[in-house]
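Below is one structure, written out as structure tokens, with a few remarks after it.
In what follows, chains are A, B, ... by sequence order, proteins preceding strands, each numbered from 1.
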2 protein chains.
Amino acid sequence: MTKKLQDIHKRHSLIKTLISSQDVFNQTQLVKLLKQNGIKVTQATLSRDLTELGVVRVPTTKGVVYKIDSTGVEKTLQNHLSEEIVSVQSNESIIVLKTFPGRAQGVALFIDKNNLSEIIGTVAGDDTIIIVPKSIKSIDKTIQQLKNIIGFK
Amino acid sequence: MTKKLQDIHKRHSLIKTLISSQDVFNQTQLVKLLKQNGIKVTQATLSRDLTELGVVRVPTTKGVVYKIDSTGVEKTLQNHLSEEIVSVQSNESIIVLKTFPGRAQGVALFIDKNNLSEIIGTVAGDDTIIIVPKSIKSIDKTIQQLKNIIGFK
DNA sequence: AAATAATTTGCATAATTATGCACAATAATG
DNA sequence: CATTATTGTGCATAATTATGCAAATTATTT
């Protein structure tokens, strides 16, 4: 299942790679670049993709180019964040979040940036994040808030 | 003299103020906002203004909005960039750009951001920038491109 | 597995932005 | 001060991007 979802994810990744590695001046150009990489879509789809990815248009002396929004990295991450998370578990006092290998730091960074009221702090390893709730009494509430912002169901 | 120049500056300032203080979704809206502030210009002029100011278009859930480019503060400087530059010299292989004291970093940053095809890299001190051309054979071309984007005559 | 719901995409085109050109305004020069 | 050069602006429109809608694909439910 989710062949389609993978396709979208793949396309989005490629878009980010392309606009990071070279100057992309318009969406028609991007259509061609994707085609060269075996992905066939129309300008309309790219318009939607770029919006979803939070890609900004920046004017330069050479013309307008697309760029990953520096202030919007989290936004981009949020879309794919749930895909990086394996599980969220807890005992009476601590929450443990498991991610795919190497993703813990990034996910923890995102959690920290959101500065949740119910979370005192986090520590991230390679694929595991330890999350300390404000109070062990309200840990369920903390988990709820956490799942909420990372989009984990 | 330069009543006109002041007008432009005033308009640019107002544009920056407006897009910083509220959501501006398109240039037609901006035309109206300026009009309310006693400045009458057309969309065409605003298109040019926004480019000069380095204003970026950022997609949001509410639609596309204009924003001062966080990484592009220097872009605003472009107008004054040539005023910061003392000289552009070179030998057979390297270009040396001299600026007024303390300005080298900012100017180099600007050059880097423009990602010129003819330039491999730059190193900036306090008032001097070393610029490495793609090839020493085409160094004249490099200098031309460089002067071009920094507006140095 | 069939039926239903939800999502994705292309097409056509609306909406928006960028720009060539001509003219006007300003600055520079003699 | 007249002349020439430079810069800024509007107009008209070209270029680019966004979107309503329908069809197709994928996911969910029964």
Legend entry - Rounded distance (Å) that lies between atom C1' of D/dG8 and atom NE2 of B/His12: 10 Å
Legend entry - Side-chain touch B/Leu30/B/Leu50, heavy atoms, less than 4.5 angstrom: yes
Legend entry - Length of the CD1-P vector between B/Ile8 and C/dA25, whole Å: 14 Å
Inset, instruction - Spell out, as yes or no, whether a donor-acceptor pair under 3.5 Å connects the side chain of A/Asn26 to the backbone of A/Thr28. - result: yes
Legend entry - Smallest separation among heavy atoms of A/Tyr66 and A/Arg57, with atom names: CE2-CG, 3.2 Å
Legend entry - Value in whole Å for how far the C1' atom of C/dA25 lies from CZ of B/Arg11: 13 Å
Legend entry - Sole residue of A/Ile130, A/Ile143, A/Thr122, A/Val88 in side-chain contact (heavy atoms from CB on, under 4.5 Å) with A/Leu97: A/Val88
Legend entry - Summary of protein contacts for nucleotides 16-23 of chain C, nucleotide by nucleotide, where a base hit scores B, a sugar-phosphate-only hit scores S (4.0 Å, heavy atoms): SBBBB---
Legend entry - Derivation and outcome, side chain to side chain contact (heavy atoms under 4.5 Å, CB included), residues B/Lys67 and A/Val56: CA-CA 10 Å; B/Lys67 270 197 162 42; A/Val56 301; over 6 Å; no
